[in-house]
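Every chain is numbered from 1 and lettered A, B, ... according to where its sequence line falls, protein lines coming before strand lines. The shown structure was predicted, so the numbers you read here are calculated from the model rather than taken from an experiment. Hydrogens, waters and symmetry mates are skipped; everything else that's a heavy atom, side chains included, is used.
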Protein chains: 2
Amino acid sequence: MTDQVGGAGHRAAPVHTDPDKVPLLTALSALADPVRIQLVRELAGSDDWTRSCGSFDVPVGKAALSHHFTVLRAAGLVEQRDQGAKRVNRLRREEFEARFPGLLDLLLRTDDVG
Amino acid sequence: MTDQVGGAGHRAAPVHTDPDKVPLLTALSALADPVRIQLVRELAGSDDWTRSCGSFDVPVGKAALSHHFTVLRAAGLVEQRDQGAKRVNRLRREEFEARFPGLLDLLLRTDDVG
DNA sequence: CAAACTGTATGATGAGCATCGAACACTCGG
DNA sequence: CCGAGTGTTCGATGCTCATCATACAGTTTG
C-alpha cells in the first residue's frame, strides 16, 4: 500500500526557501527562463500535490529538470514533498504573491513567452 | 545656443522597441540584472529627459553602460533622445505598465535587490 | 531479491552575456 | 580649429548557467 503521504521518506529532503527571504533579483532571474516559465504555468493549472517532477512537458533531460526545480525552490516559487518514489509539487501562490505582488499573476496572465 | 532639443542630430538615432511588442521573457531578462535594476530605479526618481546616460551611479564602464541601455530600450523600458552631445533618457512608465501591469511598480516598490 | 521507475549528484561541455580597453564619431566651448 | 566631454562600436576575456551523459540512491512491483 502506498496511498499514505507521510510515509518514511529516507530520502534527502528538498531544501526550500521562504518567499519572504527571497531577493528580488533571485525571483526575476528564476522567471527569466523559458523552461521555468512553462513549469510554473503548468503547475498553476494543476491542483496542489498532483504533479510529479517528471510529469511536465518540457524539452530537457532529467538532470536539467531537477536543476530547474532547485532554482524554483530557491526562489520560493515551488514547494516539494516526497510521496513514495515520486516528488510532488505545489505552486506557492499566496506566499509568493505576498512577497512579490502581481508578479505571478503577470506570468500567468501573459500568454506570450518569447 | 543649445537649449533647443530638436536640433540637427547627425548621430545614429537610438533603436527603440514598442513595449507592446516586447516578449515576456525579454522583459524579465532585462530586469534580471542588478545594474539595470538600479538604472530603472534611478530613472524612476528623476523627471523625464533630465538624466543623461553618464549621470547614473553604476559601477561599470562606459561600454557596459551603453550596452545596458541598449537592452533597456529593446525591452521597451527606456526611451532616449539626443540632446546636444548628451543622450537623455525617459522611463516609459505608462506604456510598459500597459504591457506588463504591476511589473514596474513591483520593481520600484521592492527596496531590496539581491 | 530483481527489475523498472523517479529523481539527485557529478563532471564536462557549450553558449550566452557582462565587462573592459581602445578606437571612433559627434557636440560644444573657447 | 582644437580640445574636452559624451556615447557607440569592436574585439577579447572571463564567468555564469543551461544542458547532457553517466552513475547513484531510494521506491515500488513482480
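- Between the CZ atom of B/R11 and the C1' atom of D/dT8 there is a distance of 9 Å, given to the nearest Å.
- How far CG of A/L108 is from CG of A/L91: 7.0 Å, rounded to the nearest 0.5 Å.
- Rounded to the nearest 0.5 Å, atoms CG (B/L107) and CZ (B/F96) are 8.5 Å apart.
- In this structure, the CG atom of B/L65 is 13 Å from the P atom of D/dT9, given to the nearest Å.
- Side-chain nitrogen and oxygen atoms of B/H68 include at least one within less than 4.0 Å of the OP1 or OP2 phosphate oxygen of C/dT19.
- Here the side chains of B/H68 and B/D33 are in contact, with some heavy-atom distance below 4.5 Å.
- Using a 4.0 Å cut-off between charged nitrogen and carboxylate oxygen, A/E94 and A/R99 do not count as a salt-bridge pair.
- For B/R81 and B/D48, the salt-bridge test fails: no basic side-chain N is under 4.0 Å from an acidic carboxylate O.
- Side-chain contact annotation: A/H16 with A/R73, donor-acceptor N/O pair under 3.5 Å absent.
- A straight line from NE2 of B/H67 to P of D/dC10 spans 14 Å, rounded to a whole angstrom.
- The distance from atom NZ of B/K62 to atom P of C/dA22 is 12 Å, rounded to the nearest whole Å.
- Here A/K86 lies in heavy-atom contact (under 4.0 Å) with sugar-phosphate atoms only.
- Counting to the nearest Å, the P atom of C/dT6 and the CG atom of A/N89 are 14 Å from each other.
- Near DNA chain C, meaning a heavy atom under 4.0 Å away, the residues from residues 21-60 of chain A are A/S52, A/C53, A/G54.
- Looking at the side chain of B/A63, the nearest of the listed nucleotides D/dT9, C/dT8, C/dT6 is D/dT9.
- Straight-line distance from the CZ atom of A/F69 to the P atom of C/dA9: 14 Å, rounded to whole Å.
- Contact annotation: B/R87 side-chain N/O to D/dT8 OP1/OP2 distance is under 4.0 Å.
- The side-chain hydrogen bond (donor to acceptor under 3.5 Å, both in side chains) analysis of residues 37-46 of chain A, with sequence neighbours excluded, yields the pairs A/E42-A/R51, A/S46-A/R51.
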Could you write out each protein N or O paired with an N or O of nucleotides 1-3 of chain C at a distance under 3.5 Å?
none

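- Here D/dG7 presents its C1' atom at 18 Å from CZ of B/R81, a figure rounded to the nearest Å.
- Mapping B/R73 and A/A85 onto DNA chain D by nearest heavy atom places B/R73 closer to the 5' end of the strand.
- Side chains of A/L39 and A/L43 form no contact here, defined as non-hydrogen atoms less than 4.5 Å apart.
- Rounded to the nearest 0.5 angstrom, B/E79 CD and B/T17 OG1 are separated by 11.5 Å.
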